[in-house]
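Read through the structure below, which is laid out as structure tokens, and then see the notes.
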Amino acid sequence: MNPPIKGKATSLDIAHLAGVSQPTVSRALRGSPMVNEETRKRIQAIAEQLNYKVDKNASNLRTQHSGTIALLFFEDPTPDDSQINPFFLSMLGSITRACALQGYDLLISFQQLSTNWQADYEDSNKADGLILLGYGDYLESQSRLERLVEQGTHFVRWGAVLPGQPGISIGCDNFQGGHDITMHLLAQGRGNIAFLGHASNHYPEFFERYRGYAHALLTEDRRVQPLLQVDAVTTEQSGYEAARVLLEKGIAFDAVFAASDLIAIGAMKALHEHGLRVPEDVAVAGFDDIPMAAFVNPSLSTVQQDTKLAGRILVETLLALINNEPAESRTIPVKLALRRSSGAL
């Protein structure tokens, strides 16, 4: 049993009882990966026993840290007033939890793509670093990301992991997801698979999904038909209009792989209006596995991104940058969520 502490316990008291240095105590209590799990648990147990509370104000004065992370949402065209991609909303909970576990507050800010969104969050001490969700046209946003790097801003973004890109990105394996869902459609006996979504460097995540789709077709000795690709952005309306364009071409197709769930849901409406049954006449699959995917009729087969893991990695990577620790871009595995729309059930 530890001897009683006279007066208010300090980090030096914890360091003495734990047999470590005071900086190690500070790192452990803020969740730094520099402290191993066993030591961190021992320090946390002693801190709880002594009813020790971190003095955030004193800590911030010493480190010039605000103890806050800024999460910047970027506007997306949506049918409601949120202007936020529902996929990012599903990631919000995991980012919030990860921040809380690390002892950080989360500042959420909505940004319009047309504004100068590389705001001086760090210069004004509003936040120690930024998490960026959504960015529109990547080639248009690239110069702004480069400016953040030049300014020395700590930031990570959710998006495709690309060679030579500015800053650090965390993203899912878009290529593998596109490949696997296309292979599933081929295994269902579908030979003419359309792709709805942009297939260019302007939208690298969609482009990687398209490349995975094309690779799967070529692997099975199927021809990639450019006329079966129609541009679309992540909204139900865009998916609806893209499917209408596809139908007007008069080219035979028996499956649709949409670059997002929202595009797929809009496409299913257009197919239904055209008198086509899903999946009997046309199999449909999406990408993201937003909550709505399981509840549309028929339920949507899709590629599932692990939003819980993504949120944790985004926060941990940003904190590593803030603490001048090693950090790098990472690609997260995906898995298929197979339902009725592709004929899987």
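Quick caveat: nothing in here was measured; it's all calculated off a predicted structure. All values below come from the heavy atoms of this structure, side chains included, with hydrogens, waters and symmetry mates left out.
Summarising the geometry of Ser341 relative to Pro279, their closest heavy-atom pair is O-CB, 3.1 Å, with the distance given to 0.1 Å. Closest non-hydrogen pair, Gly129 versus Leu318, comes out as C-CD2, 3.8 Å. Nearest approach of Gly343 to Gln188, heavy atoms of both residues: O-NE2, 3.1 Å. Between Val161 and Arg330, the closest heavy-atom pair is CG2-O, 3.4 Å. Between Ala258 and Ala264, the shortest heavy-atom distance links the atoms CB-N, 3.4 Å. Annotation for Ile263 and Gly197: closest pair CD1-CA, 4.5 Å, computed over non-hydrogen atoms.
A donor-acceptor pair under 3.5 Å is absent between the side-chain atoms of Tyr210 and the main chain of Phe175, judged by distance alone. For the pair Arg42 (side chain) and Ala18 (backbone), a donor-acceptor distance under 3.5 Å is present. Not one N or O on the side chain of Thr24 forms a donor-acceptor pair closer than 3.5 Å with the backbone of Val20. For the pair Thr10 (side chain) and Leu12 (backbone), a donor-acceptor distance under 3.5 Å is present. Using a distance-only test at 3.5 Å, with no hydrogens or angles considered, no donor-acceptor pair links the side chain of Thr307 to the main chain of Met91. A donor-acceptor contact shorter than 3.5 Å links the side chain of Asn174 to the backbone of Cys172. Panel note: side chain Thr302, backbone Gln304; no donor-acceptor pair is recorded below 3.5 Å. Using modelled atom types, one side-chain atom of Lys249 and one backbone atom of Leu227 make a donor-acceptor pair closer than 3.5 Å. Using a distance-only test at 3.5 Å, with no hydrogens or angles considered, a donor-acceptor pair links the side chain of His154 to the main chain of Asp128. The backbone N or O of Phe87 sits less than 3.5 Å from a side-chain atom of Ser90, completing a donor-acceptor pair.
Rounded to the nearest 0.5 Å, atoms CG (Leu17) and CD1 (Ile14) are 8.0 Å apart. Remark: Ile322 CD1 to Gln102 CD distance equals 10.0 Å, nearest 0.5 Å. In this structure, Phe253 CZ and Leu276 CG are separated by 6.5 Å, a value rounded to the nearest 0.5 Å. If you take NE2 on His184 and OG on Ser301, they are separated by 4.5 Å, rounding to the nearest 0.5 Å. Note that the CG atom of Asp261 and the OG1 atom of Thr234 stand 9.5 Å from one another [nearest 0.5 Å]. We find the CZ-OG distance between Phe207 and Ser200 to be 7.0 Å, quoted to the nearest 0.5 Å.
Val284 and Leu247 fall within a single hydrophobic cluster, where Ile, Leu, Val, Met, Phe, Trp and Tyr are joined by side-chain heavy atoms under 4.5 Å apart, directly or via other members. Grouping the Ile, Leu, Val, Met, Phe, Trp and Tyr side chains by contacts below 4.5 angstrom, directly or via other members, places Tyr240 apart from Val296. Side-chain heavy atoms closer than 4.5 Å link hydrophobic residues (I, L, V, M, F, W, Y) into clusters, and following such links, possibly through other members, connects Met268 to Val233. In the hydrophobic cluster analysis, where Ile, Leu, Val, Met, Phe, Trp and Tyr join through side-chain heavy atoms closer than 4.5 angstrom, Val230 is grouped together with Leu228. No continuous path of ILVMFWY side-chain contacts below 4.5 Å connects Leu101 to Ile43, so the two sit in separate hydrophobic clusters.
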With side chain to side chain contact (heavy atoms under 4.5 Å, CB included) as the test, would you mind laying out the steps for Arg209 and Tyr203 before giving the verdict? CA-CA 10 Å; Arg209 294 167 195 180; Tyr203 297 87; over 6 Å; no

Run the side chain to side chain contact (heavy atoms under 4.5 Å, CB included) test on Lys335 and Val303 for me, step by step, so that the C-alpha distance in whole Å, both residues' side-chain angles and the decisive distance to 0.1 Å come before the verdict. CA-CA 6 Å; Lys335 64 180 181 180; Val303 180; over 6 Å; no

Worked verdict on Ser299 versus Arg340 for side chain to side chain donor-acceptor pair (under 3.5 Å): CA-CA 5 Å; Ser299 55; Arg340 276 208 315 123; 4.8 Å; no

Step-by-step side chain to side chain donor-acceptor pair (under 3.5 Å) determination, Gln44 to Glu48: CA-CA 6 Å; Gln44 288 173 338; Glu48 289 177 9; over 6 Å; no

Please determine whether side chain to side chain contact (heavy atoms under 4.5 Å, CB included) holds for the pair Thr96 and Cys99, giving the CA-CA distance in whole Å, both sets of side-chain angles, and the decisive distance to 0.1 Å. CA-CA 5 Å; Thr96 304; Cys99 285; 5.9 Å; no

Just do the side chain to side chain contact (heavy atoms under 4.5 Å, CB included) check on Leu338 and Ile181 with the steps written out, would you? CA-CA 9 Å; Leu338 301 178; Ile181 197 69; 4.1 Å; yes

Verdict with supporting geometry, Glu37 and Arg40, salt bridge (Lys or Arg N to Asp or Glu O under 4.0 Å): CA-CA 5 Å; Glu37 185 70 17; Arg40 181 163 60 246; 2.4 Å; yes

Derivation and outcome, side chain to side chain donor-acceptor pair (under 3.5 Å), residues Asp231 and Gln229: CA-CA 7 Å; Asp231 288 347; Gln229 183 271 323; 2.9 Å; yes

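The pair Arg339-Asp289 meets the salt-bridge criterion, with a side-chain N (NZ, NE, NH1 or NH2) lying under 4.0 Å from an Asp/Glu carboxylate O. For Glu208 and Arg211, the salt-bridge test passes: some basic side-chain N is under 4.0 Å from an acidic carboxylate O.
The shortest distance between side-chain heavy atoms of Leu133 and Ile95 falls below 4.5 Å. By the 4.5 Å heavy-atom criterion applied to side chains, Leu309 and Ile313 are counted as neighbours. In this structure, Leu106 and Ile108 have side chains that are in contact, with non-hydrogen atoms separated by less than 4.5 Å. You'll find the side chain of Gln165 reaches within 4.5 Å of the side chain of Ser329, heavy atoms only. Met183 places none of its side-chain heavy atoms less than 4.5 Å from the side chain of Tyr213. A heavy-atom distance below 4.5 Å is not found between the side chains of Arg222 and Ile193. The shortest distance between side-chain heavy atoms of Arg244 and His274 does not fall below 4.5 Å. Side-chain contact check for Val256 versus Leu246: some heavy-atom pair is nearer than 4.5 Å.
The aromatic rings of Phe257 and Phe195 sit perpendicular to each other, their planes meeting at more than 60°, with 30° as the lower class boundary.
Residue Glu38 qualifies as open at atom CD: its count of foreign heavy atoms under 6.0 Å is 12 or below.
Remark: of the listed residues Leu107, Ile131, Leu132, Leu132 is the sole one forming a side-chain contact (heavy atoms from CB on, under 4.5 Å) with Leu72.
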